Amino acid sequence: MTTTSPFPNLLAPLDLGFTQLKNRTLMGSMHVGLEEEKGGYDKLAAFYAARAKGDVGLIVTGGIAPNIAGWVAPFAGRMSSSRHAKKHKVITKAVHAEGGKICMQILHSGRYGYHPLAVSASKVKSPITPFKPRELSSRGVKSTIKDYANSALLAKQAGYDGVEIMGSEGYLINQFFCERTNKRQDEWGGTLENRARLAIETVKHTREKVGEAFIIIYRLSMLDLVEGGAPWEEVVYLAKEIEKAGATLINTGIGWHEARVPTIATSVPRAAFTWITKKMKAEVSIPLITTNRINTPEVAESVLANGDADMVSMARPFLADPDFVAKAMLNQSDHINTCIACNQACLDHAFEQKRASCLVNPQACYETELIFKTVAAQKKLAVIGAGPAGLAFATYAAERGHEVHLFDQANEIGGQFNYAKQVPGKEEFYETLRYYAKRIEVTGVHLHLNTRVDAGLLQKQQGEKAFDEVIMATGIKPRELSIEGVEHPKVMSYLDVLRDHKPVGKKVAVIGAGGIGFDVSEYLVENENLSTDLDKWLDHWGIDKDYKQAGALKPQTAPRFEREVYLLQRKSTKVGKGLGKTTGWIHRSSLVNHKVQMINSVTYQKVDDQGLHVLIGDQPKVLDVDHIIVCAGQEPLRELENELTEAGYKTHIIGGAYVASELDAKRAIRQGAELAAEI
Ligand code: FAD
Ligand code: NAP
Ligand code: SF4
């Protein structure tokens with residue numbers, strides 16, 4: 001009897017001639033920060049081995065520099081000696097032991113190097129780094145090509161199955177290729193042939209060094225999304241030359257790091273850029289890999305079935321769930337812990353030089369440290385609150401073998417995630433709730449919804465056996481203001497808006513410009529959901545599908561402007577400064593587009609029929625608004641603490657109930673997971 005594959009295109013093998021990949025998934029390159037940690041290579045080995053065990057078709061490592069000038073940051077990973085190669089063997093061995101294949105990415109950061117030794121095609125500083133690069137001499141370019149090829153040979157000696165040559169995202173090879181950054185007049189600048197030479201010679205020399213039976217992926221910038229980026233004809237020319245030079249596969253690169261267009265944030269529609277890989281498929285014969293915001297097997301399957309590409313690259317989805325492919329093979333995609341594209345624990349950490357992990361999977365990059373061992377003696381545990389902290393704790397603790405009872409006063413799990421998911425562009429938060437619902441079922445957590453807990457109720461629930469310990473994950477309460485007129489009907493809380501959907505007028509002042517103030521403002525001004533309408537979204541951000549201009553940019557469309565919103569804070573710093581490093585600018589520019597007035601240095605004086613009376617600096621002003629929405633932070637909700645202690649329960653407090661300031665779901669979930677690993 002033959003069984004049909006649940007995802008026939010995604011799970012089909014790919015024959016590369018000298019080797020075969022078991023399916024069409026590629027784990028895209030991510031720098032996770034372990035590369036530079038003491039003992040980091042053993043941790044990296046465990047990290048990659050878990051993904052190989054989960055049946056990823058081909059893994060690509062984080063970027064490793066071919067020489068010192070190519071470092072992303074001082075003392076970043078480098079492959080230029082046999083001593084370096086030796087360190088990598090633990091990784092390749094671990095991956096091969098799990099039946100996986102792995103390529104090392106060679107990344108020369110060029111002017112993106114965060115150090116004074118950075119080099120580039122020309123002395124043109126990048127807008128996102130403080131160091132002006134030195135212009136490489138012609139000899140310097142030639143020795144850089146040698147360094148790439150040498151690095152690839154060393155990777156082969158370290159046991160890698162191939163390399164990926166990073167030619168996109170605005171790194172060195174991209175800097176040589178585009179007129180934006182290449183102002184040279186020698187054989188490496190000026191004409192298209194000259195600007196493309198570094199890329200082509202690098203692939204050629206690498207192929208010569210490593211021989212035929214070794215994968216070379218070239219990551220080609222198909223959409224630069226910056227002014228002075230490449231026109232489509234030039235990208236096609238380069239793709240054809242790269243194919244001739246001996247690449248095995250071409251991977252898609254979307255947008256330079258300095259592009260002011262979101263390319264992977266949660267508000268980017270799923271599979272938003274696969275059309276560009278499809279356009280390239282008409283031009284070259286080697287297999288093409290497509291990428292960006294593909295986060296479920298269903299999306300990946302439809303991209304491949306549509307003929308957009310031969311393989312699908314997913315990076316963050318494998319941080320979120322190492323068993324993504326294995327679960328797809330079992331037709332269990334509803335068991336997958338889906339990447340919500342928040343960037344909070346991965347890319348934001350990488351940009352802050354911290355070890356990456358994953359908001360929804362705190363075990364990512366902590367495979368050897370955060371371990372959930374089966375328990376020797378089962379405990380009966382009560383968890384109060386099914387927000388992210390309570391959900392993480394309950395499911396990990398039950399997985400370990402404890403008897404877990406999870407209570408929430410609401411009629412659904414998720415806590416504040418139920419408000420977050422309603423914010424336009426945050427629909428991915430539904431996936432986390434779907435995942436936890438499944439985990440509750442699989443791990444056998446006893447779920448009690450519509451149940452407000454107090455110590456008395458726990459006594460009643462005990463039945464035959466008393467609860468051994470209680471976990472208070474009751475979250476927060478919104479901070480209340482103490483200004484004059486706060487009782488006025490114009491004043492609302494963010495819960496009135498997001499939870500109770502009370503009507504809001506056309507003129508609004510939002511007090512507090514933290515994550516929730518921004519989300520509420522976006523909820524109020526966004527009148528159409530762009531993340532589910534790709535063409536509108538592309539128009540909104542000025543991405544030209546017809547590629548009429550170099551870089552594929554066109555003027556952005558102005559959004560409809562139906563509500564007047566003031567977003568206010570007391571601090572004198574730039575409004576939105578505290579938002580995520582890699583996503584804050586998107587939220588800010590979205591609100592600027594909607595003409596939201598973001599005002600700092602505000603003192604709130606009173607509310608009356610006229611509106612909100614404030615001082616801006618020392619200037620008095622009355623904001624004539626219909627409603628004032630308070631998003632002024634939160635305080636821990638731990639009213640049960642004394643009651644539980646008096647009733648003699650050993651109580652643990654996690655998530656917002658523990659500390660509300662600077663709380664986010666990343667901390668709530670990690671804290672729940674860490675307690676579950678210990679209890
Ligand atoms: P909560 O989510 O508040 O859950 C507590 C739960 O306890 C609730 O379900 C409540 O009903 C229950 N409860 C309380 N008392 C009792 C009782 N006595 N008996 C039974 N049940 C009880 N974070 C991010 O990291 N990224 C984001 O993008 C993000 N966006 C957000 C957007 C919005 C609009 C909001 C409101 C929050 C957002 N957050 C975001 C914050 C994030 O949701 C919180 O940090 C997280 O939910 C805190 O988790 P928690 O489990 O500690 O508490
Ligand atoms: P927050 O980020 O702490 O912001 C609270 C805001 O209220 C600040 O702008 C603060 O600025 C103001 N404020 C504080 N006390 C005030 C007072 N007494 N009177 C008037 N204003 C006051 O908290 P939040 O917006 O409630 O968000 C809660 C958590 O959810 C955050 O920690 C955040 O990480 C998380 N979250 C994250 C995202 C995301 O996209 N990553 C989105 C939403 C929420 P001033 O003191 O300058 O006025
Ligand atoms: Fe995805 Fe967020 Fe996890 Fe990064 S931290 S992998 S974006 S869910």
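The residues of the chain are indexed from 1 along the displayed sequence. Order of listing sets the numbers, starting from 1, for every ligand and every atom in it. Bear in mind the structure is a predicted one, so any value in this text is a computation, not a measurement.
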Check whether any N, O or S atom of C358, backbone or side chain, sits closer than 2.8 Å to atom 2 (Fe) of ligand 3. no
In this structure, atom 12 (C) of ligand 2 is nearest to the protein heavy atom G512 CA, 3.9 Å
Does ligand 1 have an atom that lies less than 4.0 angstrom from a heavy atom of G515? no
At under 4.0 Å between heavy atoms, what of F518 touches ligand 2? The answer is neither
What part of L640 sits under 4.0 Å from ligand 1 if we count only heavy atoms: the side chain, the backbone, both or neither? side chain
Is the closest heavy-atom distance from A473 to ligand 1 below 4.0 Å? yes
Among all protein heavy atoms, pick out the one at the shortest distance from atom 15 (N) of ligand 2; state its residue, atom name and that distance to 0.1 Å. R479 NH1, 3.1 Å
Identify, by atom number and element, the atoms of ligand 2 in contact range of D519, meaning under 4.0 Å from any of its heavy atoms. 42 (C), 43 (C)
Just to confirm my output: which protein heavy-atom neighbour is closest to atom 3 (O) of ligand 2, and how far is it? G633 CA, 4.5 Å
Just checking, any donor-acceptor pair under 3.5 angstrom between side chains of R499 and S493? no
Within 4.0 Å of some non-hydrogen atom of G385, the atoms of ligand 1 are 6 (C), 7 (O), 12 (C)
Any donor-acceptor N or O pair under 3.5 Å, side chains D608, H613: yes
Please list the nearest protein heavy atom to atom 28 (C) of ligand 2 with its residue and the distance rounded to 0.1 Å. Q634 OE1, 3.6 Å
Is the contact between A341 and ligand 3 made by the side chain, the backbone, both, or neither, using heavy atoms and a 4.0 Å cut-off? backbone
Looking at ligand 1, does L359 have a heavy atom less than 4.0 Å from it? yes
Applying a 4.0 Å heavy-atom criterion (strictly less than), which segment of E635 is in contact with ligand 2: side chain, backbone, both, or neither? neither
Heteroatom proximity flag, R570 to ligand 2, N/O under 3.5 Å: yes
Can you sort out which atoms of ligand 1 are near A389, meaning under 4.0 Å from one of its heavy atoms? 51 (O), 52 (O)
So the atoms of ligand 1 within less than 4.0 Å of a heavy atom of T474 turn out to be 5 (C), 7 (O), 14 (C), 15 (N), 16 (C)
Quick test of your reading of the model: are E369 and K43 salt-bridged, counting only N-O distances below 4.0 Å? yes
Looking at D55, D321, D334, which hits salt bridge (Lys or Arg N to Asp or Glu O under 4.0 Å) with K327? D321
Give yes if a backbone or side-chain nitrogen or oxygen of I516 is under 3.5 Å from a nitrogen or oxygen of ligand 2, and no if not. yes
What protein heavy atom sits nearest atom 4 (Fe) of ligand 3, and how far away is it? C346 SG, 2.3 Å
Considering only heavy atoms, does Q344 approach ligand 2 within less than 4.0 Å through its side chain, its backbone, both, or neither? side chain
Measure from atom 11 (O) of ligand 1 to the protein's non-hydrogen atoms and state whether any distance is below 4.0 Å. yes
Charged N to carboxylate O below 4.0 Å: is that the case for E367 and R51? yes
Verify whether the ring centers belonging to F324 and F318 lie closer than 6.0 Å. yes
Flag Q344 as yes when one of its N or O atoms lies below 3.5 Å from any N or O atom of ligand 1, and as no otherwise. yes
